[in-house]
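For reference, the structure I am asking about is given below.
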2 protein chains.
Amino acid sequence: MRSGQVTIKDIAKELNISCSTVSRALKDFPGISPTTKKSVVDLANKYNYRPNAIALSLRNQKTNTIGVVIPETVHFFFSTVISGIEDEAMSEGYNVMICQSRESYEREADCIDTLMGARVDGLLVSISRETSDLAHLQKVVSEGKPLVFFDRLVEGMNATSVVVDDYQGAYDATKHLIDQGCKHIVHLEGPDNLIISRKRKEGYISALEDHEMPIDEGLIIECRDGSEAEAAKLFQHLLESGAAIDGVFANNDMAALGALQASKSSGLKVPEDIAIIGFSNWQFSSLIDLSSVEQHGYEMGREAVRLMFQEIANEDESAKSQIRILDAEIVPRGSSSRIA
Amino acid sequence: MRSGQVTIKDIAKELNISCSTVSRALKDFPGISPTTKKSVVDLANKYNYRPNAIALSLRNQKTNTIGVVIPETVHFFFSTVISGIEDEAMSEGYNVMICQSRESYEREADCIDTLMGARVDGLLVSISRETSDLAHLQKVVSEGKPLVFFDRLVEGMNATSVVVDDYQGAYDATKHLIDQGCKHIVHLEGPDNLIISRKRKEGYISALEDHEMPIDEGLIIECRDGSEAEAAKLFQHLLESGAAIDGVFANNDMAALGALQASKSSGLKVPEDIAIIGFSNWQFSSLIDLSSVEQHGYEMGREAVRLMFQEIANEDESAKSQIRILDAEIVPRGSSSRIA
DNA sequence: GCGTTTTTTTCAAACGTTTGCAAGCCTGAT
DNA sequence: ATCAGGCTTGCAAACGTTTGAAAAAAACGC
């Protein structure tokens, strides 16, 4: 018995027939005698034969694998997206190969190189924070490989993308606070170089304008690293300055948590004195009853794969470069709900 | 220009030389004239040549890919393990292919089939909750494919495994509560059919015994689905029964959170009236200042890959079937720390 | 100019699979 | 007998790469 897994050759040799016959017998091709077919199938089962996907890929020039480049898998949101990607891909008989860029440009380029070397049938990419040079991505499309971006929109390249509507989510979140009676709403803003941060800020401002509320630049605070501690410190500072505040819309749930902690330690009641809502609906948010905005990561993953399949199927350029914008959905919880 | 990526053949044709020459030129083989080498390398760069990993795999009978079968990627712990797996694998030039069993036996078998078909060089498996029949795994080892289990130990198969020391972690957690002065410690137990639940319960009991404290079966409560709501309800019930309780060691952080909420809503102060510690050190635990036990998932992932490489390298059976037990480490936080 | 060595290049096979085409065999009609 | 026609099977090439062995080309000594 040979060491590795059984191949068509092994079966052919043992039955003294040709590989062609075995191959055809295994896939119900017409023109194979029932006797032969049975003996082949029996032996294949006995030896637990599995077609060698590598050989198939080489022959068919198709790996049935899609590559995913993502900043981090440990982030709850991204792992949710991956889940959606896997489910949708698996249901179509595709495998998924994941690489983490760790928010590094260099690693991202490496990942793409590796996946291109593995001859994946398409690439799903959420670019790293560092990435501004797009040469490595241009190469991908110039070689005719389907490419779909998700979550993070890439400016300066017209490729198919799936993103969540940050503007609308932010607008709704802010409007929700207004509906709860908030008059002085702080925005804990994300890093200015990210598109999502800007979109969310715009949504916040538009909501205020639409409700004829003043925009107070002093109530917009940038949280650069987006950590809980940073937000808590900055927000505490703001409270101590004596500003009248009764609502917070944070760029992410971590920052919202920071605001929550600062509020409580300042003796303010949530949501009575101050209503708080975050963004992203992290797992912990439901646990601590923090209102947030759901980004539907799972659905985003599935949609990205669906668009990918469209690109793989359509040789023509017709379906290219569309941008799918998914709705963000506010999830009101205890931290912001004053009205029963 | 042909559609797909450039191959050695393309380069050979364009330069009117043979594939062999191109291949050797690209990898600094001796016996290639400098002129030829230069022209080949230049053209390869120009066309952005990348060796076809599929073809290489077929030829070398080695895919440089390891397969991972895991119940869920969205669990924080598992995604941490994956992170470790990826880092260690990548550093050795390996790719990782991940399949989720979704805690289903059938899907698990499917995953393994797929990965075997993809001819991964080795398999890393954390079995599903449903799995009791081990035939699909036996097949893997009988075909000589390296197999390493992680996190969930498999009884009845002697394969290499990496697990965390649940017993010791539970012992330390319980001892920690005792050290904080707790006299009546509840254990919120996990489902009895899981080995980890039993180990943790044993650790809890041993710690009590070693400190000459009575084992009160009434203080051991089974939380079957391990949700926060379930734990809160059961614990609330226990409190209302008037039992004297001043400490809780929960099988996982979700249950611990349930106990925390029930305690607070009953007007008990944490940690003064009741000290609480969970298990797994989920991401939210640090955020809500819940004490827990860290399982070092990242390290577990790396270690699993290291053992895998050992198995791939060692043809002999010498290094087989070892069990690596990683230390669990208690992370004391506000929910249990009475002593400053 | 010819034999000999050295340098450079090519050939061919292999990895596992599929598939168009050709070939073998058998049956029955002429 | 011969041949058409239908079943069944085999051959060979292809996918992209590597590599031992052989061949070709160049360089050298005389």
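Quick note on labels: first sequence line is chain A, next is B, and so on, each numbered from 1.
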**Report entry** Length of the CZ-C1' vector between B/Arg59 and C/dA12, whole Å
**Finding:** 11 Å

Requested in this report: Using only side-chain N and O atoms of A/Tyr49, determine if any of them is under 4.0 Å from OP1 or OP2 of C/dG16.
Outcome: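 No, no such contact exists.
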
Requested in this report: Could you check how far CZ of B/Phe29 sits from P of D/dT17, rounded to whole Å?
Outcome: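 After rounding, the gap between these two atoms is 16 Å.
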
Report task. Please state how far atom NZ in A/Lys13 lies from atom P in D/dG10, giving the value in whole angstrom units. Result -> 15 Å

Report task. Check whether any side-chain N or O of A/Lys62 sits under 4.0 Å from OP1 or OP2 of D/dC15, and answer yes or no. Result ->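 A/Lys62 to D/dC15 OP1/OP2: no side-chain N or O under 4.0 Å.
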
Query raised in the report: Between A/Pro71 and A/Gln100, what is the shortest heavy-atom contact and its length?
Result: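 For A/Pro71 and A/Gln100, the tightest heavy-atom pair comes out as O-CB, 4.0 Å.
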
Query raised in the report: A/Asp10 CG to C/dC15 C1': how many Å, rounded?
Result: 12 Å

Query - Residue B/Lys27, side-chain atoms from C-beta onward, closest of D/dT18, C/dC15, C/dT17 - result: D/dT18

Query - Among D/dT19, D/dC15, C/dG16, the one nearest B/Lys9 by side-chain distance - result: D/dC15

Query - Distance (rounded to the nearest 0.5 Å) between A/Tyr105 OH and A/Asp110 CG - result: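 With rounding to 0.5 Å, OH (A/Tyr105) is 10.5 Å from CG (A/Asp110).
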
Report summary line: From CG of B/Leu58 across to C1' of C/dA13 the rounded distance in Å is 13 Å

**Report entry** D/dA14 phosphate, OP1 or OP2, under 4.0 Å from A/Gln61 side-chain N/O
**Finding:**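 Checking D/dA14 against A/Gln61, no side-chain N or O comes under 4.0 Å of OP1 or OP2.
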
Query - Atom-pair distance (CD1 on B/Ile54; C1' on D/dC15), nearest Å - result: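 In whole Å, D/dC15 C1' lies 11 Å from B/Ile54 CD1.
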
Query raised in the report: When you check the gap from the basic side-chain N to the acidic O, do A/Arg129 and A/Glu108 get nearer than 4.0 Å?
Result: no

Query raised in the report: Hey, are B/Arg324 and B/Asp151 close enough for a salt bridge, meaning a charged N less than 4.0 Å from a carboxylate O?
Result: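 Salt bridge absent between B/Arg324 and B/Asp151.
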
Query raised in the report: Whole-Å distance between D/dG16 C1' and B/Arg50 CZ?
Result: 15 Å

Requested in this report: Please round to the nearest 0.5 Å and tell me the distance separating atom CG of A/Leu43 and atom CG of A/Leu26.
Outcome: 9.5 Å

Query raised in the report: Quick one: do B/Lys46 and B/Asp42 make a salt bridge, cutoff under 4.0 Å?
Result: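 No salt bridge links B/Lys46 with B/Asp42.
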
Query raised in the report: Rounded to whole angstroms, how far apart are CG on B/Asn52 and C1' on D/dT18?
Result: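 From B/Asn52 CG to D/dT18 C1': 13 Å.
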
Requested in this report: Ignoring backbone atoms, test whether A/Gln5 places a side-chain nitrogen or oxygen under 4.0 Å from the OP1 or OP2 oxygen of C/dG16.
Outcome: no

Protein-nucleotides 4-11 of chain C N/O pairs closer than 3.5 Å?
residue: C/dT9; atom: OP1; partner: B/Ser33; partner atom: OG; Å: 3.4
residue: C/dT9; atom: OP1; partner: B/Thr36; partner atom: OG1; Å: 2.5
residue: C/dT9; atom: OP2; partner: B/Ser33; partner atom: N; Å: 3.1
residue: C/dT9; atom: OP2; partner: B/Thr36; partner atom: OG1; Å: 3.4
residue: C/dT10; atom: OP2; partner: B/Ser18; partner atom: N; Å: 2.9
residue: C/dT10; atom: OP2; partner: B/Ser18; partner atom: OG; Å: 3.1
residue: C/dT10; atom: OP2; partner: B/Thr21; partner atom: OG1; Å: 2.7
residue: C/dT10; atom: O4; partner: B/Arg24; partner atom: NH2; Å: 2.4
residue: C/dC11; atom: N4; partner: B/Ser20; partner atom: OG; Å: 2.8

Query raised in the report: Do NZ/NE/NH1/NH2 and the carboxylate oxygens of B/Asp121 and B/Lys145 come within less than 4.0 Å?
Result: no

